[in-house]
2 protein chains.
Amino acid sequence: MTGTKQRILEVAERLFAERGFSGTSLRTIIGEAGVNLAAVHYHFHSKDALLEAVILRRLEPVNRERLAMLEACEHAARGGPPPVEDILRAFIEPTVHLVRDPQRRGSIFARLMGRLHAEAASAFAEIAKKHFGEIGRRFKEALERALPEVPQSEIFWRMHFAIGAMAQTLRGSPELEALSGGQCRASNPEDAVPRLIAFLAAGFQAPVSIPHAQEKVS
Amino acid sequence: MTGTKQRILEVAERLFAERGFSGTSLRTIIGEAGVNLAAVHYHFHSKDALLEAVILRRLEPVNRERLAMLEACEHAARGGPPPVEDILRAFIEPTVHLVRDPQRRGSIFARLMGRLHAEAASAFAEIAKKHFGEIGRRFKEALERALPEVPQSEIFWRMHFAIGAMAQTLRGSPELEALSGGQCRASNPEDAVPRLIAFLAAGFQAPVSIPHAQEKVS
DNA sequence: GTCTATATGGGGATAGAC
DNA sequence: GTCTATCCCCATATAGAC
């Protein structure tokens, strides 16, 4: 039966999300998945490759949907730049409302993404660089067109801040939820995403006060 | 000689920041510190306790300076609420321009804080909850006064986003720096902090569009 | 306070039978 | 494809001499 490979992927995804990559051992994974240790090395070749498989399984559809949403809102804008909110939504929503996933597995992967943004796992760093390059450029261009008054390098900074806020939201923050006394359950994407988009859109549109050397300002 | 304890603390801080907690072994630490393995267990009792010592050594002065800066800007506002920018600066700058540290050790700890915000290390979760509670409440109150038009629960959300953006900035992001072709070196606090504050201040002042149940709106 | 030596367990990976 | 058995190394932690 080849449910084995699937079960490994799903348990690994959950445990990596909960405990991090280096905090999760293959033996824990196989224990919860009820499979044999050798099966992991048979289906994937190493722990690093398992992580890569876990990520790619979700990231590729997410990135496809991101581009589709971006193109849709650009088309809707009929030549002009779409509103910043729409561009941000195209980037953020596919990560949360993951594909057409009946269970809540999407949010588990979202937590994994948020967590891996912070972890050292070199395997992830390469994957991120490889798969983020194209997406990043595409959204950067869209944001530049939508924000002609913001210099190019400042767009990078603000994308940086935005991704941090998004990653924090994806992974959740126990101490802040505790502080709010349950008023803000960041783990609930339906509550979080519209607020996040409003916050980030305002940030992107903030006036630029820091001098930027040798740049086209529009 | 008790340089041993110091050297362990400093090497551990750097390695935890670079590779994460579970990604760093005591053996790597003692190798770089040039001390004996048993010395770690003698001076600290366990790896968890070592992490706690590493964090507390920096976090307590940081939180003191945060409160001092907050009180200073509140005093300067003479009864009225201080500008949001000043409140944010009081929270962010002490993490970066750490105490009066001659070397660049401050930024190493900053990276550690950014990274640990994401890692599972239960030891850190407890420390964060304990030491963030007071600071969090204090800054939440200040932000509420400065933003009377923003409902209370929305303040929590925006603090959440802000801390995510701050943590990302503290820890740096190789893929974004690569994308920018070196235009935005997030690891350089002097460049990052003023931009981060401007971005976050705009986000905090964004108009509130999502309905908030049963709350004082001012 | 600092060392050597060692206890004890867990880690990723592989060979080879079935 | 799946299993058992095992290699080999690394992990945290401790005991006890100096």
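Note on naming: letters A, B, ... go to the chains in the order of the sequence lines (proteins, then strands), and numbering restarts at 1 for each one. Source: prediction; values computed, not measured.
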Undergrad: Could you pull out the protein-nucleic contacts involving nucleotides 3-8 of chain C (nitrogen or oxygen on both sides, under 3.5 Å)?
TA:
unit_1	atom_1	unit_2	atom_2	d
dT4(C)	OP2	Asn36(B)	ND2	3.2

Undergrad: Looking at Thr4(A), I'd like to know whether one of its side-chain N or O atoms comes within less than 4.0 Å of OP1 or OP2 on dG1(D).
TA: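 For Thr4(A), the contact criterion (side-chain N or O under 4.0 Å from OP1 or OP2 of dG1(D)) is not met.
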
Undergrad: Whether Glu10(B) and Arg57(B) form a salt bridge (side-chain N of Lys/Arg under 4.0 Å from carboxylate O of Asp/Glu) is what I want to check.
TA: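 Salt bridge present between Arg57(B) and Glu10(B).
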
Undergrad: What nucleotide among dT2(C), dG11(C), dA13(D) has an atom nearest to a side-chain atom of Thr28(A)?
TA: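 That would be dG11(C).
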
Undergrad: For dA13(D), does OP1 or OP2 lie under 4.0 Å from any side-chain N or O of His41(B)?
TA: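 Looking at the OP1 and OP2 atoms of dA13(D), one of them is under 4.0 Å from a side-chain N or O of His41(B).
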
Undergrad: For His43(A) and dG12(C), give me the distance from atom NE2 to atom P, rounded to whole Å.
TA: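 Rounded to whole Å, this separation is 18 Å.
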
Undergrad: From CG of Asp48(A) over to P of dG11(C), roughly how many Å is that when rounded to an integer?
TA: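 Rounding to the nearest Å, CG of Asp48(A) and P of dG11(C) are 16 Å apart.
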
Undergrad: Let me know the distance between NE2 of His45(A) and C1' of dT14(C), rounded to the nearest Å.
TA: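 Going from NE2 in His45(A) over to C1' in dT14(C) covers 14 Å.
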
Undergrad: Using the test salt bridge (charged side-chain N to carboxylate O under 4.0 Å, His left out), find all partners of Lys47(A) that sit at least two apart in sequence or belong to another chain.
TA: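 For Lys47(A), no residue satisfies salt bridge (charged side-chain N to carboxylate O under 4.0 Å, His left out) once neighbours in sequence are set aside.
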
Undergrad: Taking only side-chain nitrogens and oxygens of Ser25(B), does any of them come within less than 4.0 Å of OP1 or OP2 of dA11(D)?
TA: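 It does, given that an N or O in the side chain of Ser25(B) lies less than 4.0 Å from OP1 or OP2 of dA11(D).
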
Undergrad: Look at atom CD of Glu134(B) and say whether more than 12 heavy atoms of other residues, nucleotides or ligands are closer to it than 6.0 Å.
TA: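 Atom CD in Glu134(B) is not crowded, with 12 or fewer foreign heavy atoms closer than 6.0 Å.
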
Undergrad: Calculate the interatomic distance between Ile30(B) atom CD1 and dC10(D) atom P; express it in whole Å.
TA: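 Checked: the CD1 to P distance equals 13 Å.
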
Undergrad: Using whole Å, what does the distance between atom P of nucleotide dG1(D) and atom NZ of Lys5(A) come to?
TA: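 So the two atoms are 8 Å apart, to the nearest Å.
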
Undergrad: Is Glu74(A) paired with Arg145(A) through a side-chain N to carboxylate O contact shorter than 4.0 Å?
TA: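 Yes, this pair counts.
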
Undergrad: Taking only Lys NZ, Arg NE, NH1 and NH2, and the carboxylate oxygens of Asp or Glu, determine whether Arg137(B) and Glu141(B) approach each other closer than 4.0 Å.
TA: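 A salt bridge is absent here (no side-chain N lies under 4.0 Å from a carboxylate O).
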
Undergrad: Looking at residues at least two apart in the chain, or sitting in another chain, which of them share a ring-ring contact (aromatic ring centres under 6.0 Å, His included) with Phe199(A)?
TA: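 Phe199(A): ring-ring contact (aromatic ring centres under 6.0 Å, His included) contacts with Phe161(B), Phe204(B).
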
Undergrad: Measure from CG on Leu26(A) to P on dG12(C) and round the result to the nearest Å.
TA: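 Rounding to the nearest Å, CG of Leu26(A) and P of dG12(C) are 4 Å apart.
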
Undergrad: In whole Å, what is the span from the CG atom of Leu15(B) to the P atom of dA11(D)?
TA: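 The distance from CG of Leu15(B) to P of dA11(D) comes to 12 Å, rounded to the nearest Å.
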
Undergrad: Would you kindly give the CG-to-P distance between Leu51(B) and dA11(D), to the nearest whole Å?
TA: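 Taking atom P of dA11(D) as the reference, CG of Leu51(B) is at 17 Å.
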
Undergrad: When you compare the side chains of Thr95(B) and Arg66(B), does any donor N or O come within less than 3.5 Å of an acceptor on the partner?
TA: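 Per modelled atom types, Thr95(B) and Arg66(B) side chains form a pair under 3.5 Å.
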
